[in-house]
Amino acid sequence: MNEIVFFINKVVIAGSVIGSIYAMGAIGVTLVFAILRFAHFAHGDLMALGAFFAFALTALMPGVGTAIGLPTGFVMLPVAMVLTALVAIFLDHAFYRPLRENNVKPVVMVMASIGVTLMIQGLIRLFAGTSARNFFFAESKDIFRLELPFELARRKIVITEPQILLFLFVSAAVVSLHLFLTRSRLGKAMRAMSDNPDLARVSGINTGVVVWTTWVIAGGLAAAAGTLLSLDVTLKPDLSFNLLLPIFAAAIVGGVGQPYGAIAGGFLVGFAETLAVFNWSILLRPLAPVIPDWIEIPDKLAFVPTEYKLTVPFVLLVAVLVWRPTGIFKGKVL
Amino acid sequence: MTTRLPRELIMFGMLGVLIAIVIATLGAAYGIRMLVEASCYAILALGLTIQWGYAGLFNAGVMGFFAVGAFMTMLATYPRNDAFWSSDAPGQLITIGIYALIGAAVIWVISQLHRIGLPRKLRSLLMIVTIGVVYLSVVGALDPVGDRIESEMGFVGGLGLPVWLGWALGGAVAGLIAWGIGKVCLGLRSDYLAIATLGIAEIIKAILKNADWLTRGTLTVSPLPWPVPRPDELGFVLARASYLCVTAVLIAVIYVLLQRAYRAPWGRMMRAIRDNEVAAASMGKDVNRRRLEIFILGSVLMGIGGAALTSFTGLFDPSGFLPLNHTFLVWVMVILGGAGNNLGAIFGAVFVYILWTMSEPAALFLFDIARSLGQQWFDWQPPSDLDSRALQMRVFVIGLTITLVLRYAPRGLLPEKLIRHE
Amino acid sequence: MAFLTAHSLFAGYGGANILNGVSIDIEADQIGVIVGPNGAGKSTTLKAIFGLLHVSEGKIALDGQEITNLSPDKLVHHGMAFVPQEHNVFPTLTVHENLEMGAFVRRDDFTHMIDQVYTLFPPLKDKRRQPAGELSGGQRQMVAMGRALMVEPRLLLLDEPTAGLSPLYMSEIFDRIIAVNKTGVCIIMVEQNAKQALKIAHRGFVLASGQNRYTDTGQNLLNDPEVAQSFLGG
């Protein structure tokens with residue numbers, strides 16, 4: 001039983017955490033892909049930027065959280081989301097829209113987004129330095145240890161307050177996104193523009209507003225993902241670069257332009273990562289009496305060492321590109 | 001054509017003056033070192049300019065091909081490690097290699113099973129399982145050997161081969177990796193290639209950094225041999241100058257070959273594909289094959305460039321491969337110099353590299369002023385890591401340059417010349 | 001002055017002009033049909049009227065108001081709607097959502113218009129929850145027209161509404177077009193199937209090389225032996 005609890009802690013909870021983060025990032029990437037038709041490389045940096053906004057606000061007003069009973073970083077999240085959404089709109093205005101109006105090839109937009117990546121990275125490190133930071137400098141992180149009602153389970157299921165908040169937030173975000181896309185006028189216009197931008201224009205849909213909405217959603221979710229991840233672990237400036245590949249992989253695996261696909265892809269990539277680095281020997285060891293003697297259970301039986309975790313989204317990405325470029329949810333192939 | 005020549009002359013003339021100023025103020029040894037490094041970057045830039053400029057292929061993982069070139073040249077040219085070769089480890093490695101080959105053969109056979117009537121779904125399942133088993137057993141066998149090599153012999157060491165062979169190997173292996181990536185991604189839009197190359201570059205770096213038995217990882221390997229006598233024999237200026245001769249000749253050869261290819265039917269076809277893929281495909285051109293060729297060729301050049309630069313610095317340090325220095329800096333060189341123009345790539349490489357090197361002391365100087373002014377006027381307490389932060393300013397400037405050039409001078413300082421074929 | 005007048009338009013896609021002085025004029029309750037050989041500039045004329053193409057010379061006026069080179073979304077507010085020849089529905093949106101998107105510029109209650117579209121195109125009513133991409137070609141064309149009608153346009157522009165449809169569907173679509181016209185909508189359409197189209201046309205415009213060749217009522221054009229010989233395949 002202890003082994004199962006260990007599995008739950010290491011795979012189920014950890015996979016859900018990282019899967020939620022990837023899902024939120026991938027939704028933004030996939031929406032930008034759908035509406036503006038380019039791979040937005042600066043998305044990871046929007047995440048980092050959002051987290052830094054939340055951190056700066058937390059540092060300015062460290063007492064707010066204790067008054068409400070939630071981590072301060074989480075209380076500051078809505079403000080950070082708004083700020084990041086504004087930055088995203090500004091970036092579009094200053095860097096992407098002029099190129100779009102010149103009708104450049106999509107790949108030039110990708111390059112421009114890499115330029116933006118570097119700018120944000122430079123600014124973050126200039127103002128915040130390169131060291132890792134902890135959101136919980138003035139308050140303590142609540143950790144819940146759940147005991148299981150079994151005799152054999154001495155280990156406890158461990159879940160932290162930021163993780164619970166993350167799950168609640170992601171569920172709420174997914175439900176509201178679904179309602180927005182299927183019920184609201186603007187949400188439907190967004191799907192319409194993703195389907196057929198020219199027809200959207202001749203139908204009188206205000207494409208500028210749709211583009212703004214896209215950046216607001218993408219920026220807001222990116223800020224949320226960055227902040228919630230940093231609340232769970234620590235805030236590092238190189239957060240962005242490590243997240244970029246898994247997020248793109250999630251968006252493509254799910255099907256480019258498909259928000260639901262992005263969610264599925266995010267969790268798929270997240271769980272694939274945690275399952276790949278999990279040491280399966282721990283689960284096999286209790287089975288030792290059943291397994292024939294000639295099979296030796298190695299000390300460490302993980303598919304991928306933790307240092308090579310990045311290969312997991314990459315392999316998934318390549319596999320999807322080879323076998324099913326439209327992804328699980330039949331997205332676009334650009 | 002008449003207005004073009006002076007422009008290039010002026011640009012290179014200005015570059016010459018800039019170099020002269022650097023040599024005059026900072027000394028010949030420093031100046032020539034910078035030139036050698038710039039010339040290695042020029043090889044990288046040539047590789048990128050044919051991928052991007054000739055064919056419109058987006059490679060966001062220059063660093064990966066650079067690193068492969070660096071690793072191969074280290075492996076080939078570093079002196080042999082006798083402790084390793086006199087042990088039984090090489091034999092074990094070869095055995096594992098043979099197992100891996102057998103495994104690959106089995107996987108290939110299974111991948112063909114649908115031809116004898118096996119349902120495709122079953123075949124795919126069988127294939128995935130076999131890949132998993134082969135992978136796990138090879139890795140499982142490799143791990144203890146790797147650990148032993150690391151603890152008993154340090155690392156496998158080099159092969160003691162001549163330097164030029166190391167560079168050639170670097171190019172070859174980089175080309176091999178490009179072939180694999182190109183096969184998967186070139187049928188799709190450039191965005192996918194960008195994502196895939198970005199990923200492979202990070203993975204190559206992770207492997208080089210963590211496979212200590214093979215690369216010494218973060219412990220780094222030095223000194224690497226030079227193709228010419230080292231400074232301790234000739235003195236800094238002369239030794240670096242002769243190294244510069246080697247890279248200059250290399251660039252000249254590559255340049256001449258590329259110019260010829262550009263004007264040849266092959267180059268014309270490349271540009272036709274870049275400018276109008278549909279039209280080119282409808283004329284019966286095998287678009288993806290041509291693209292694969294140029295992607296491999298460009299990556300080979302990147303491998304060679306990485307090898308040449310690593311040999312020169314004499315230090316193989318996997319943690320030192322940075323997307324900023326080894327991918328995006330090259331990007332700036334190419335788009336600022338003028339994508340698709342080989343002369344532009346060389347110009348961009350040298351020009352940007354000089355600015356890049358100079359920007360470090362410049363940034364420190366500027367922030368020093370800011371610090372003292374801030375302290376005097378506002379009683380500002382600067383953070384202790386201000387210097388390392390000052391250097392981050394350069395990241396911002398690189399990013400800004402990319403976006404500004406794309407918007408205001410999309411064709412670069414030395415734009416591609418349009419040749420009219422009569 | 002006619003309801004819509006487009007006076008000697010010159011326009012093209014960069015480089016050479018495709019329209020070399022085309023003129024169109026039509027009354028508010030009429031159906032106008034533009035016919036002509038390939039490359040005559042039929043679709044281009046329609047796109048120029050709907051602001052999808054820059055008009056370098058000439059003047060377009062709707063109901064006395066000048067609308068030359070206004071952007072499509074502004075023209076929608078002026079009571080114009082356009083149905084492109086291809087890709088004219090949102091494939092992953094349901095039929096109902098397609099109609100809602102047609103009414104995007106409307107802030108008022110448009111349920112009566114949706115009902116009217118379902119009355120005009122009965123097959124759509126049963127399929128209203130289906131993604132438009134899953135419908136047959138003819139039904140998709142109905143969705144496209146229905147989408148355009150949602151703004152209750154005074155002028156509807158149709159670019160080859162029967163392209164790629166079977167003859168059976170073709171006559172059904174023509175019937176629908178007449179029905180739409182009866183509700184008081186002026187229609188200008190481009191057609192390859194010139195004979196059938198001219199039969200329902202109040203005004204016919206025969207274009208060639210970006211210029212008007214013949215302009216008359218549909219029936220007169222059909223009866224004109226010269227037109228029949230050169231443009232209607234004898």
Side-chain angles (χ1 to χ4, degrees), chain A residues 27 30-31 33-35 37 97 100-104 177-214 254-262 264 326-334, chain C residues 13-14 46-47 49-53 70-108 110 129 131-134 140 143-153 156-159:
Chain A
I27 290 173
T30 222
L31 286 179
F33 238 137
I35 302 296
R37 308 207 176 226
R97 205 180 66 177
R100 221 166 34 235
E101 282 168 358
N102 282 349
N103 280 325
V104 297
L177 183 72
H178 172 76
L179 291 178
F180 173 75
L181 288 176
T182 52
R183 301 287 156 83
S184 80
R185 178 167 163 272
L186 204 52
K188 288 177 195 169
M190 232 165 123
R191 283 162 57 215
M193 192 167 159
S194 153
D195 261 14
N196 190 338
D198 294 329
L199 189 63
R201 219 159 287 131
V202 302
S203 298
I205 292 176
N206 189 335
T207 49
V209 173
V210 174
V211 170
W212 277 40
T213 317
T214 310
V256 168
Q258 299 284 5
Y260 307 117
T326 51
I328 309 171
F329 277 64
K330 286 248 164 157
K332 302 176 203 312
V333 179
L334 293 173
Chain C
Y13 304 90
L46 225 49
K47 285 180 186 154
I49 294 175
F50 199 62
L52 291 167
L53 195 69
L70 282 187
S71 66
D73 52 313
K74 296 233 170 61
L75 290 172
V76 171
H77 287 281
H78 275 86
M80 271 168 88
F82 175 68
V83 180
Q85 180 188 347
E86 290 175 312
H87 307 293
N88 50 19
V89 298
F90 300 111
T92 72
L93 269 60
T94 65
V95 169
H96 194 83
E97 285 171 336
N98 263 280
L99 298 182
E100 284 179 339
M101 283 303 105
F104 187 85
V105 296
R106 297 183 66 151
R107 290 298 188 161
D108 55 338
F110 50 78
R129 304 233 170 273
E134 293 174 5
R140 246 189 278 185
V143 174
M145 280 202 264
R147 195 217 85 239
L149 287 174
M150 286 306 295
V151 286
E152 296 183 57
L156 181 62
L157 305 171
L158 305 175
D159 194 354

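Reminder, nothing fancy here: chain letters follow the sequence lines and each chain counts from 1.
Chain A forms more heavy-atom pairs under 4.5 Å with one residue of C/Met150, C/Glu100, C/Arg147 than with any other, namely C/Arg147. Top candidate by heavy-atom pairs under 4.5 Å with chain A, chosen from C/Val76, C/Leu52, C/Thr92, is C/Thr92. Your options are C/Lys74, C/Arg107, C/Met80, and the one with the most heavy-atom pairs under 4.5 Å with chain A is C/Arg107. Heavy-atom pairs under 4.5 Å with chain A were tallied for C/Leu93, C/Asp73, C/Val151; the largest tally goes to C/Leu93. The candidate from A/Asn196, A/Leu199, A/Ile205 with the greatest count of non-hydrogen atom pairs under 4.5 Å with chain C is A/Leu199.
For the pairing with C/Val143, the side chain to side chain contact (heavy atoms under 4.5 Å, CB included) check across C/Val89, C/Val83, C/Asn88 returns one residue only, C/Val89.
In this structure, A/Arg191 forms no cation-pi arrangement with C/Phe90, as its terminal cationic atom is not both closer than 6.0 Å to the ring centre and no more than 45° off the ring axis.
When heavy atoms are compared at a cutoff of 4.5 Å, C/Leu75 does not approach chain A at all. In this structure, chain A has a heavy atom under 4.5 Å from the side chain of C/Pro84, while its backbone stays farther away.
C/Arg140 has its side chain out of reach of C/Pro91: every pair of non-hydrogen atoms, C-beta onward, lies at least 4.5 Å apart. Side-chain contact check for A/Pro259 versus A/Leu177: some heavy-atom pair is nearer than 4.5 Å.
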I'd like to know whether C/Val105 forms a side-chain contact (heavy atoms from CB on, under 4.5 Å) with C/His77, so could you lay out the CA-CA distance, the side-chain angles of the two residues, the decisive distance to 0.1 Å, and finally the verdict. CA-CA 7 Å; C/Val105 296; C/His77 287 281; 3.8 Å; yes
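Heavy atoms only, all atoms of each residue included: C/Phe82 and C/Ala148 are closest at O-CB, 4.4 Å.
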